[in-house]
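As structure tokens, the structure follows; a few thoughts come after it.
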2 protein chains.
Amino acid sequence: MDHAPKPDPVLTRLREGFERIALVLRADLWAAAGKAGLNPTQAQVLALLAARPAGLRPKEIAAHLSVSAPSMADTLAALERKALLRRTPDPADARAVIARLTEEGAAQGQALAAAATQVTAALARLSPGEQADLLLAQVKLIRTLQQAGAIPVQRLCVTCRHFRPNAHPGEAAPHHCAFVNAPIVDRDLRLDCGEHEAAAPAVQAATWTAFTGG
Amino acid sequence: MDHAPKPDPVLTRLREGFERIALVLRADLWAAAGKAGLNPTQAQVLALLAARPAGLRPKEIAAHLSVSAPSMADTLAALERKALLRRTPDPADARAVIARLTEEGAAQGQALAAAATQVTAALARLSPGEQADLLLAQVKLIRTLQQAGAIPVQRLCVTCRHFRPNAHPGEAAPHHCAFVNAPIVDRDLRLDCGEHEAAAPAVQAATWTAFTGG
DNA sequence: CGCTTATTAATAGGAGTCCTATCTATATCC
DNA sequence: GGATATAGATAGGACTCCTATTAATAAGCG
């Protein structure tokens, strides 16, 4: 009847933990969106596009948020009615459009992305060391998910051509970002950096080895 | 215009990481639910109740899943139509009902709760030590969220009267569960134990001190 | 160049979640 | 006994979200 292989119970418990936290994120999202007169999906689009001033194609937005393209078309139309977003033709491809936030939409999106929530309050109770370890675990998970094709390509430090892992071995801030030309600590690692430029695959592999092996 | 205090950027990044992973969980849920002919909310109810043979009240289920009671009534009605769930009057309170899974519903719920997903696959790539640290961080976060009232009371080892933190100091499995009368490791900590019995508040506080201080 | 195939986005139609507001029945407290 | 609170269900409506289809453009190939 059931032929799917069951994973190690520890993995199931860890997924369970993520699910619990995801439910709080969802409640937080409803609260924050409701305060702004939006619904959750609209708020997610605003928060996503607030970090992408150049805009994104509808299909890409749908992929980032794990919904179908028609569903996203619904949401984009709603945001356009509220004058928070504009869809313009893509000059590089006459089939495509580019969705960008208006000034008002960008302001709301930034507020939503940076707002304090129940989850950030709980995270604040962890020690700095625990926070750094948690961020590191997230980077590893997200990179794995990205490699598996479960999520679109993310703008992680560890896949960026400006990132120099363990450039300052033994020091408190061992890594280095060549773009801002400054050393960085684990807790500074970005999950969605605006200045990200993907490194070549071979470079990414080497970066990862230096990062994790250090 | 915006008076809400902004949290430390690290906390925002950590929340961002949880959000990314939550999107994958959502995609996993759609996939698993679709395979079973259900939709995501129905699947979540099945997975929740599969661990609660005694059943739960509709209001409690709604609280666990962060939706309103009327929404849950919709979903419970749908599951009842599919003969996966039964609602019976609560003998202890004539206003209340108890929702329990049928045999078929319990089988599907257990399969959903234990199934391998993209997230469990990614988690499997972490080292055992990283997995244990991550589980520990989740326990701390969930306990904090529970104390803040953001989520209903969870059946965590660290709030159970059978749990003896650091009963075997210095050993590989330092903790002990008096119910099964066996030592346990960090990675064995439960987030939703069927045998959980809440300890008195003062005992919980002492347990937590011994657990984290050890 | 002209034809086929792929890709991007929007639309149509429908199922179902999810909300607020309201209603009934029962419990609890004074 | 009567006021208040609580559990659940219902009504009505907005909106997400899906699959399937259509329109327009791009890209590959003889």
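Below, each value reflects all heavy atoms present in this structure, side chains not excepted, and no hydrogens, waters or symmetry copies. Here is how names work: the chains are called A, B, and so on, in the same order as the sequence lines, proteins then strands, and each is numbered from 1.
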- Message: By nearest heavy atom, map B/Met72 and B/Lys82 onto DNA chain C; which one lands nearer the 5' end?
- Response: B/Lys82
- Item | Heavy-atom side-chain contact between A/Arg52 and A/His64 under 4.5 Å | yes
- Message: Regarding A/Arg86 and A/Glu80, does a basic nitrogen lie under 4.0 Å from an acidic carboxylate oxygen?
- Response: no
- Message: Under 4.0 Å between a side-chain nitrogen and a carboxylate oxygen: does that hold for B/Arg187 and B/Asp133?
- Response: no
- Aromatic ring centroids of A/His176 and A/Phe163 under 6.0 Å? no
- Task: Would you jot down, in residue-number order, the residues of residues 24-56 of chain A having a non-hydrogen atom under 4.0 Å from DNA chain D?
- Result: A/Asn39, A/Thr41, A/Gln42
- Task: Applying side chain to side chain contact (heavy atoms under 4.5 Å, CB included) between A/Gln42 and each of A/Leu112, A/Leu85, A/Leu84, A/Thr75, report the one that passes.
- Result: A/Thr75
- Would you mind reading off the distance between A/Asp90 atom CG and D/dA24 atom P, rounded to a whole angstrom? 19 Å
- Query: A/Val67 or A/Ala92: which one's nearest nucleotide on DNA chain D is closer to the 5' end?
  - Reply: A/Val67
- Query: What is the distance from atom CG of A/Leu141 to atom CG of A/Leu136, rounded to the nearest 0.5 Å?
  - Reply: 10.5 Å
- Message: D/dC18, OP1 or OP2 - any side-chain N/O from A/Ser68 closer than 4.0 Å?
- Response: yes
- Message: Are more than 12 heavy atoms, taken from residues, nucleotides or ligands other than B/Arg87, located less than 6.0 Å from that residue's CZ atom?
- Response: yes
- Spell out protein contact along nucleotides 3-15 of chain C as letters: B when the base is contacted, S when just the sugar-phosphate is, - when no protein heavy atom is under 4.0 Å; keep the 5' to 3' order. ---BBSSSB----
- Query: Under 4.0 Å between a side-chain N or O of B/Ser71 and OP1 or OP2 of C/dT17?
  - Reply: no
- Query: Going by atom types alone, do B/Asp188 and B/His175 pair a side-chain donor with an acceptor below 3.5 Å?
  - Reply: no
